[in-house]
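I have placed the structure first, in the form of structure tokens, so that the comments after it can refer back to it.
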Amino acid sequence: PLISSAPAPAPGHRRFVDYNCSTTTVVGDAVSRSVQPSAVQLEILQVLWARGEALVADVHAALAARRKVALTTIATLLRRMERKGFVAHRVDGRQFVYRAKQTEAGTRAALVDDLTERLFAGNPAALVSHLLDVRRVDRADLARFRAELARREKERGGEKGGRDGR
């Protein structure tokens, strides 16, 4: 909400507001800022994960088949992604060569954790139940789920609950 009933911040402190693809939480004097990539930023990251490194023109060419976007837009997005810590670059002659700073698995884990916390009150069983309700899951998928669950139970020695005890 643009208008808040929360008390004014202490002198020297700023109140942060959600914007674009960022979520900011203010608790007392502590500020926790979790920045998640947008859909187009994820597409760019997927190109970088697949290639390891890429020039702006390489990223543009890879995305051109899926979306109409200018080369300058890709350059701007990569600069913004670098400020947010998603990518880094090195200079090769007169060109910037970009690479992802986070792994695909790490990014996926952060996004799923955030989704689980915000939409399912941190309950992974509720997330899985929801996915089973809204996605078409065939017998082969269910068999893979059962095998994965069995493997994880065996790996953990049959302990109850997940990493946070749920």
Side-chain angles (χ1 to χ4, degrees), residues 1-10 12-52 54 59 62-63 66-67 69 74 77-88 98-166:
L2 293 176
I3 300 174
S4 173
S5 61
H13 293 270
R14 288 192 258 174
R15 180 176 295 143
F16 292 90
V17 179
D18 288 355
Y19 68 98
N20 195 10
C21 60
S22 300
T23 304
T24 304
T25 307
V26 179
V27 179
D29 289 337
V31 177
S32 167
R33 187 161 188 241
S34 169
V35 179
Q36 302 295 344
S38 67
V40 70
Q41 289 171 337
L42 278 172
E43 288 183 47
I44 291 170
L45 286 169
Q46 288 168 345
V47 171
L48 295 176
W49 290 324
R51 295 177 183 222
V59 174
L63 295 182
R66 291 181 290 215
R67 69 171 57 232
V69 62
I74 298 298
L77 285 167
L78 282 162
R79 281 193 307 275
R80 289 178 181 170
M81 291 172 70
E82 188 166 29
R83 279 198 310 264
K84 292 179 179 181
F86 297 140
V87 300
Y98 286 92
R99 66 173 175 79
K101 285 181 69 176
Q102 303 160 338
T103 65
E104 184 174 7
T107 301
R108 184 179 295 132
L111 288 169
V112 172
D113 283 348
D114 183 60
L115 177 76
T116 304
E117 286 300 320
R118 290 188 302 126
L119 285 178
F120 301 98
N123 185 342
L127 169 66
V128 172
S129 179
H130 175 76
L131 288 173
L132 292 172
D133 287 344
V134 299
R135 294 284 193 175
R136 188 177 152 270
V137 180
D138 61 24
R139 289 179 193 261
D141 288 333
L142 288 173
R144 282 192 290 277
F145 293 157
R146 285 188 195 99
E148 182 64 21
L149 288 171
R151 182 187 70 78
R152 289 177 185 251
E153 280 184 351
K154 183 177 180 181
E155 192 176 87
R156 294 180 179 159
E159 73 183 47
K160 299 279 185 197
R163 67 173 186 249
D164 58 0
R166 289 189 180 113

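Predicted, not measured: the structure shown is a model, and the values here were computed from it. Positions are given from 1 along the sequence.
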Using 0.5 Å steps for rounding, measure from the [atom1] atom of [X] to the [atom2] atom of [Y].
| X | Y | atom1 | atom2 | answer |
| --- | --- | --- | --- | --- |
| E153 | E148 | CD | CD | 11.0 Å |
| E43 | L48 | CD | CG | 12.0 Å |
| Q102 | T107 | CD | OG1 | 4.5 Å |
| S38 | K84 | OG | NZ | 6.5 Å |

(request) Kindly write out the residues that satisfy salt bridge (charged side-chain N to carboxylate O under 4.0 Å, His left out) with E104, not counting sequence neighbours, or none if the list is empty. (result)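 E104 satisfies salt bridge (charged side-chain N to carboxylate O under 4.0 Å, His left out) with R108 only.
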(request) Tell me, please, which residues at least two apart from R51 pass side-chain hydrogen bond (donor to acceptor under 3.5 Å, both in side chains). (result) none
Kindly indicate whether the side chain of [X], heavy atoms from C-beta on, has any atom under 4.5 Å from the side chain of [Y].
| X | Y | value |
| --- | --- | --- |
| V112 | L127 | yes |
| R79 | Y98 | yes |
| R80 | R83 | yes |
| V40 | V69 | no |
| L132 | F145 | yes |
| L131 | V137 | no |
| R135 | H130 | no |
| M81 | I44 | yes |

Which atom names give the shortest non-hydrogen contact between [X] and [Y], and what distance separates them?
| X | Y | answer |
| --- | --- | --- |
| V87 | L45 | CG1-CD2, 4.0 Å |
| F86 | Q36 | CZ-C, 3.8 Å |
| A100 | W49 | CB-NE1, 3.4 Å |

(message) Please evaluate residues E155 and R152 with respect to the criterion salt bridge (charged side-chain N to carboxylate O under 4.0 Å, His left out), reporting the C-alpha separation (whole Å), side-chain torsions for both, the decisive distance (0.1 Å), and the verdict.
(response) CA-CA 5 Å; E155 192 176 87; R152 289 177 185 251; 5.6 Å; no
(request) Answer yes or no: does atom CZ of R139 have more than 12 heavy-atom neighbours from other residues, nucleotides or ligands under 6.0 Å? (result)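 Incorrect, the count does not exceed 12.
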(message) According to side chain to side chain contact (heavy atoms under 4.5 Å, CB included), who are the partners of A140, at least two apart in sequence or on a separate chain?
(response)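 With neighbours one apart ignored, the set is D138, R144.
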(message) Between the side chains of E82 and K101, is the shortest nitrogen-to-carboxylate-oxygen separation below 4.0 Å, so that they form an ion pair?
(response) no
